[in-house]
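Read the structure below first, then the notes.
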Amino acid sequence: MSSVPATGPATRQGASDAIPAHVAIIMDGNGRWAKARGLPRAAGHERGVEALRNTVEAAREMGIRCVTVFSFSTENWRRPTSEVSALFGLLKAYIRRDLARLKREGVRVRIAGTRDNLPEDIAKLVDEAERETAHNSAFHLTVAFNYGGREEIVRATQSLAGKVARGEIAPGDITENLFSAALDTRDLPDPDLLIRTSGERRISNFLLWQCAYSELVFSDVLWPDFDSEALRQAVAEFAGRERRYGAVTAGAS
Ligand code: IPE
Ligand code: IPE
Ligand code: MG
């Protein structure tokens, strides 16, 4: 199985300080983008898929190795059924249309989130995307769909508790590394940079465990307008940050 070496937060081997190895993105603002144009919200989501394609391409060109995007949260079920259906339809269309190309380009695709309550056709497509790209390692695209950070942590805890109950591990064997390996992002390094678009400044239940030491960048751009220039700006802001991981500033006495 191909994987990115899961570097701990204090060691960023393989990544220059200027280019993050792993960028996580909360793709927000599709509805407002559509509203500003008098269009239905679904039109904003459609344009959002285009922005995703462009952003992944720009990220690869910049030397970023992993991108993880938030595309449907466990809380997004609270939206009108028609909007939920539109979002499910877009995921299906994206996988159907882009899977062959992603596979050819060496992209490993993962879908983070629970498969419970996913319609069967989507669950099948998602399995197919993961299976077909499992041997790729040039770039890692993870789509968080039907994903909630707390749900993921609870699911990981249930899986570890099951191992303890079956006598496969002892409670004391559960370390941070073992816990990370029980999450949907196993094999990926923690995000160096988390970008949220649309001016909102909250995490909204995304990658709660993994973003312990991520640098947060908030962009006012609405997601459908996000492009390579917006990504470059976010990465430039990241490059200007000093990551300390609880230690003192380098060179301080
Ligand atoms: C992000 O855009 C996409 C999803 C959450 C599925 P929104 O749909 O949240 O857009 P706004 O925040 O209403 O503008
Ligand atoms: C977060 O955006 C979820 C996704 C981008 C998929 P939301 O628009 O759902 O978040 P809130 O409701 O503003 O916190
Ligand atoms: Mg939103």
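These numbers were taken from a predicted model, which means no experiment stands behind them. Order of appearance sets the numbers: ligands from 1, and atoms from 1 within every ligand. Numbers for residues simply follow the sequence, beginning at 1.
- On a distance-only criterion, E200 and ligand 2 share no N/O pair closer than 3.5 Å.
- Looking at T74, T114, N117 one by one, the single match for side-chain hydrogen bond (donor to acceptor under 3.5 Å, both in side chains) with N146 turns out to be N117.
- Ion pair D184/R110 not flagged as a salt bridge, since none of the NZ, NE, NH1 or NH2 atoms sits closer than 4.0 Å to an Asp/Glu carboxylate oxygen.
- In terms of protein heavy atoms, atom 1 (C) of ligand 1 is closest to M27 O, 3.0 Å.
- At a heavy-atom cutoff of 4.0 Å, ligand 1 is contacted by the side chain of N76 but not by its backbone.
- Which of S71, G31, S73 comes nearest to atom 11 (P) of ligand 1 through a heavy atom is settled by distance: it is G31.
- Closest protein heavy atom to atom 2 (O) of ligand 1: N30 N, 3.2 Å.
- For R79, every heavy-atom contact with ligand 2 shorter than 4.0 Å involves the side chain, none the backbone.
- With 2.8 Å as the limit, D28 counts as an N, O or S neighbour of the Mg ion (ligand 3).
- Protein heavy atom in closest approach to atom 10 (O) of ligand 2: R196 NH2, 3.2 Å.
- Looking at atom 13 (O) of ligand 2, its nearest protein heavy atom turns out to be R202 NH2, 2.8 Å.
- Under 4.0 angstrom from ligand 1, there are no non-hydrogen atoms of K35.
- Remark: E229 CD is packed, more than 12 non-hydrogen atoms of other residues, nucleotides or ligands lying under 6.0 Å away.
- Judged purely by atom type and a 3.5 angstrom limit, R65 uses its side chain to pair as donor or acceptor with the backbone of S137.
- Under the 6.0 Å distance and 45° angle rule, R37 counts as a cation-pi partner of W33.
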